[in-house]
J.: 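Shown below is the structure under consideration.
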Amino acid sequence: MTSRDATPTSDFIRSKVAQDRKANKNAGRVVTRFPPEPNGYLHIGHAKSICLNFGIAAQNGGTCHLRFDDTNPTKEEQHYVQAIKQDVRWLGFDWGDHEYYASDYFDRLHGYTLELIKKGNAFVCELSAEQIRQYRGTLTKPGRESPYRNRPVQENLDLFERMRAGEFEDGSHVLRAKIDMASPNLNLRDPVMYRILKASHHRTGSMWCIYPMYDFAHGQSDSIEGITHSLCTLEFEDHRPLYDWYLDKLSIHHPQQIEFARLNLSYTVLSKRKLLELVQRGDVSGWDDPRMPTLAGLRRRGYTPQSIRNFCNRIGITKYNSTTDIALLEHCVREDLNRRATRVMGVLRPLRVVIDNYPQNQVEELDAVNNPEDPGMGSRKVPFSRVLFIERDDFRQQPPRKFFRLAPGREVRLRYAYLIRCVGVVKHEETGEVIELHCTYDPETRGGSPPDGRKVKATLHWVSADHALEAEVRLFDRLFIKENPSDVKNDEDLASALNPDSLETLTSCRVEPSLAGASPGSRFQFERQGYFCVDADSSVRKLVFNRTVSLRDTWARIEQRQTLTAAGKQKHSPNG
RNA sequence: UGGGGAUUGGUGUAACGGUAGCACGGCUGACUCUGGAUCAGUUAGUCUGAGUUCGAAUCUCAGAUCCCCAGCCA
């Protein structure tokens, strides 16, 4: 974290923490934890939790642990552990030597379990999964007690030991807490504590064949680590009575669980299951596809860690299930990148321009400012010559109203260079497509300022044809067309909500020569267009850029409005 | 028809019995060698109905709507 991070506004959790410190609860200590399950990549929703947990620890002189919640060997992989650590670090947080694994506590959890069995608080149940479901009752009807519920302690101890020793098959036995089959809270209807899973665990290998369930593992892990505030999402609210029950029966350090609303973002999905689905179905190139809301994807896209932290600090923490506008995230990157990104010129869709009156073999090196927001970033030289490329969008044969850019007869400025006037248009014989422009330049306007003080309404970016580097540029749009893609009946519908145009690859772009050798991950502003980041696929031979986010585009909005009103007029005047 | 939560402009949030504020978005305008940035202005809100009170987003009651829970997932 840096001092430029926006301070998060206080929220109900921070208030509670402050209150606890004031009351000297836990001797004034604050210990939080971020507990990912290593079964997928971290996404922007996790960033919210990471910023919350690490942020609260930092604000209170406490510590935040990174704990992998690895109690289900069938879903978890070491690969994800590495990815998660990299992402948390990248986001800007440091857990020091507080790196823990629920699997490190398997022994102690086993010990706690023996204790609960001895106290008559747990029993080995031989009902099948299906039977357990039936015995559980429904939301409105109480459940029935398992016929195995009242086994003697000794028998439970013996059976549990045999479960641990691998004598039974998966699913044949489970250990259950003995609570209340009539509880209106289904989590309290004798929940399963341990199940048999003869699977290899990414850390403990074949040491265990019984694994604790989340509810039994999580609170006890929190307790072992001396966590004071255990922050989780809303859906665990119903689990809190169970969280408390285990801790109370065991009479061990009792952290406070507090629930907050998970992040929802418009036009995207934030569910590891759904993201995995996109990856597996090949809708995206991987967890780090720049269109993914994963931290790996955002990183590749060019988002800065600071912009994500700022975003997290601005969205607030509440218990209300809201959906944040993706525009806020985009605002946060623009804000950050505007301050730090080097400006360069790059032409995405080149249109050839010949300056008729410019000397044939002349090349001038013109001064260009690297970042108007930060004079300390200095300036660079950009070569100018007789043949240039400008952006296709910057020329119109018949300029619409409010279009200030180049058109036949019009004069505009080439950034840092000269004022030029369009004197000729070359079109393709058959298609009529504009293939080249002829212009004249005013030698008196070198650097871009006319000595007579005359104004031009537009300044265009450009590159010198002979000096420009070829580049590939990938333009990204939102992955989904639906504002809430999760609002579908099934998974096929999720696929149908995908935006078919979320990726556009431009292969014949031209960028200024200063970009030669730009290394993957470096970020630039292509003037007038947006922020771009060098992709991992980039090489010295072929530069590849990802567009992080476009610049605010006032003209695009005006043009869109014009088309809309034009269409509206047509539609509404059938007789006119 | 059980239990647990929630509800403030378009969106996200603040206000903790005393002037409903901030941010994003939208819209104006100024400025500008990026139609960027910046600056200024503007837009728009307390779920409903009763009650308590000098005074209610806040307290009470009734209702409405939304979210979560019937994994040997987390």
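Sequence lines set the chain letters: A, B, ... in the order given, protein chains first and strands last, and positions in each chain run from 1.
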J.: In terms of the angle between their ring planes, are A/Phe106 and A/His201 parallel, tilted or perpendicular, with boundaries placed at 30° and 60°?
T.: perpendicular
J.: Without decimals, in angstroms, what is the distance between A/Arg334 CZ and B/G35 P?
T.: 15 Å
J.: When you measure from the side-chain N and O atoms of A/Arg528 to the phosphate of B/G35, is any distance below 4.0 Å, counting only OP1 and OP2?
T.: yes
J.: Return whichever of A/Gln529 or A/Ile315 has its heavy-atom-nearest nucleotide of RNA chain B closer to the 5' end.
T.: A/Ile315
J.: Taking only the C1' atom of each, what is the distance from B/U60 to B/C22 in whole angstrom?
T.: 31 Å
J.: So which protein N/O to nucleotides 64-66 of chain B N/O distances come out below 3.5 Å?
T.:
none

J.: Please list, by residue number, the residues of residues 371-379 of chain A whose heavy atoms come closer than 4.0 Å to an atom of RNA chain B; answer none if no residue qualifies.
T.: A/Pro372, A/Glu373
J.: Using atom P of each nucleotide, how far apart are B/U11 and B/C16 to the nearest Å?
T.: 24 Å
J.: Base, sugar-phosphate or nothing for A/Arg240? Non-hydrogen atoms, less than 4.0 Å.
T.: nothing
J.: Both A/Glu527 and A/Ser15 contact RNA chain B. Which one's nearest nucleotide lies toward the 5' end?
T.: A/Ser15
J.: CG/A/Asp190 to CZ/A/Phe123 distance, rounded to the nearest 0.5 angstrom?
T.: 4.5 Å
J.: Could you tell me how far apart A/Asp553 (CG) and B/G25 (C1') are, to the nearest whole angstrom?
T.: 16 Å
J.: Take atom C1' in B/U1 and the same atom in B/U7, then report the distance between them in whole Å.
T.: 24 Å
J.: Contact class for A/Leu551 vs. all strands (heavy atom < 4.0 Å): base, sugar-phosphate, or nothing?
T.: base
J.: Take the protein atom CE of A/Met181 and the nucleotide atom C1' of B/G3, then report the distance between them rounded to whole Å.
T.: 15 Å
J.: Calculate the interatomic distance between A/Arg547 atom CZ and B/G36 atom P; express it in whole Å.
T.: 16 Å
J.: Send over the distance from A/Asp325 CG to B/U13 P, rounded to a whole Å.
T.: 12 Å
J.: When you compare B/A70 with B/A37, how far apart are their P atoms, in angstrom units rounded to a whole number?
T.: 47 Å
J.: Can you tell me which stems RNA chain B forms when a stem means 3 or more consecutive Watson-Crick or G-U pairs under 3.5 Å?
T.: B:2-7 with B:64-69, B:10-13 with B:21-24, B:25-30 with B:38-43, B:47-51 with B:59-63
J.: Between B/G4, B/G12, B/G35, which nucleotide gets closest to the side-chain atoms of A/Tyr320?
T.: B/G12
J.: Atom CZ of A/Phe12 and atom P of B/U58: how far apart are they, to the nearest Å?
T.: 20 Å
J.: Is the base of B/G71 syn or anti, if syn means a glycosidic angle within 90° of 0?
T.: syn
J.: Phosphate oxygens OP1/OP2 of B/U13: is one of them under 4.0 Å from a side-chain N or O of A/Thr9?
T.: no
J.: Strictly below 4.0 Å: does A/His331 bring a side-chain N or O up to OP1 or OP2 of B/C24?
T.: yes
J.: For the backbone of A/Leu419 and the side chain of A/Thr445, can you confirm whether one donor and one acceptor N or O come within less than 3.5 Å of each other?
T.: yes
J.: With rounding to the closest Å, how many angstrom separate the P atoms on B/C66 and B/C54?
T.: 38 Å
J.: Just call it for A/Arg413: base, sugar-phosphate, or nothing, with non-hydrogen atoms closer than 4.0 Å on any strand.
T.: base
J.: Is the distance between the ring centroids of A/Tyr80 and A/His202 under 6.0 Å?
T.: no
J.: Can A/Lys16 and A/Asp20 be counted as an ion pair, charged N to O under 4.0 angstrom?
T.: yes
J.: Starting from C1' on B/G12, measure out to OH on A/Tyr267 and report it in whole angstrom.
T.: 16 Å
J.: I need the full list of salt bridge (Lys or Arg N to Asp or Glu O under 4.0 Å) pairs touching residues 136-148 of chain A, with sequence neighbours left out, sorted by first then second residue.
T.: A/Glu145-A/Arg149
J.: Do the side chain of A/Thr294 and the main chain of A/Trp287 share a donor and acceptor less than 3.5 angstrom apart?
T.: yes
J.: With hydrogens left out and only the distance checked, is there a donor-acceptor pair under 3.5 Å joining A/Arg343's side chain and the base of B/U34?
T.: yes
J.: Is the A/Phe524 to A/Phe532 ring centre distance short of 6.0 Å?
T.: no
J.: Give me the distance, rounded to whole Å, that separates B/U58 from B/A15 when you measure between the P atoms they each carry.
T.: 15 Å
J.: Between B/G36, B/G12, B/A14, which one does the side chain of A/Asp11 approach most closely?
T.: B/A14
J.: Calculate the interatomic distance between A/Asn484 atom CG and B/U11 atom P; express it in whole Å.
T.: 14 Å
J.: Would you say that A/Phe34 contacts A/Leu52 through its side chain, given a criterion of any heavy-atom pair below 4.5 Å between the two side chains?
T.: no
J.: Please encode protein proximity along nucleotides 68-74 of chain B as a string of B, S and -, counting only heavy-atom distances under 4.0 Å.
T.: BBBSBSB
J.: Indicate whether any N or O donor in one side chain lies under 3.5 Å from an N or O acceptor in the other, for A/Asn321 and A/Asn264.
T.: yes
J.: Pick base, sugar-phosphate or nothing for A/Phe404, based on heavy-atom distances below 4.0 Å to the nucleic acid.
T.: base
J.: Have a look at A/Lys457 and say if it touches a base, only the backbone sugar-phosphate, or nothing, with a 4.0 Å heavy-atom cut-off.
T.: nothing
J.: Using a cut-off of 4.0 Å on non-hydrogen atoms, how would the nucleic acid contact of A/Arg561 be classed: base, sugar-phosphate, or nothing?
T.: sugar-phosphate
J.: Need one value for A/Tyr531: base, sugar-phosphate or nothing, where a base atom within 4.0 Å counts as base even if backbone is also close, heavy atoms only.
T.: nothing
J.: Identify whether any heavy atom of A/Thr140 sits under 4.0 Å from a base atom; if not, whether one sits that close to sugar-phosphate; answer base, sugar-phosphate or nothing.
T.: base
J.: Checking all strands, does A/Thr318 fall into the base, sugar-phosphate, or nothing category for heavy-atom contacts under 4.0 angstrom?
T.: sugar-phosphate
J.: With rounding to the closest Å, how many angstrom separate the C1' atoms on B/U13 and B/G41?
T.: 23 Å
J.: Using atom C1' in both nucleotides, what's the gap between B/G17 and B/U52 to the nearest angstrom?
T.: 11 Å
J.: Would A/Asn370 and A/Arg380 count as having a side-chain donor-acceptor pair, cut-off 3.5 Å?
T.: yes
J.: Output yes when a side-chain donor or acceptor of A/His65 lies under 3.5 Å from a complementary backbone atom of A/Arg67, and no otherwise.
T.: no
J.: Does a side-chain N or O from A/Arg552 land closer than 4.0 Å to OP1 or OP2 of B/A37, or not?
T.: yes
J.: Do A/Asp215 and A/His218 have side chains that get closer than 4.5 Å, going by heavy atoms?
T.: no
J.: Please tell me if the side chains of A/Asp222 and A/Arg33 come closer than 4.5 Å, counting only heavy atoms from C-beta onward.
T.: yes
J.: Using a cut-off of 4.0 Å on non-hydrogen atoms, how would the nucleic acid contact of A/Gln525 be classed: base, sugar-phosphate, or nothing?
T.: base
J.: Determine which pairs satisfy salt bridge (Lys or Arg N to Asp or Glu O under 4.0 Å) with at least one residue from residues 162-175 of chain A, sequence neighbours left out, and list them in order.
T.: A/Asp158-A/Arg162, A/Glu161-A/Arg164, A/Arg162-A/Glu167, A/Glu169-A/Lys198
J.: Taking the side chain from A/Asp11 and the backbone from A/Arg14, do they hold a donor-acceptor pair closer than 3.5 Å?
T.: yes
J.: Ignoring hydrogens and geometry, is there a side-chain-to-backbone donor-acceptor pair from A/Glu512 to A/Met345 under 3.5 Å?
T.: yes
J.: Determine, for A/Asp553 against A/Arg557, whether the closest basic-nitrogen to carboxylate-oxygen distance falls under 4.0 angstrom.
T.: no
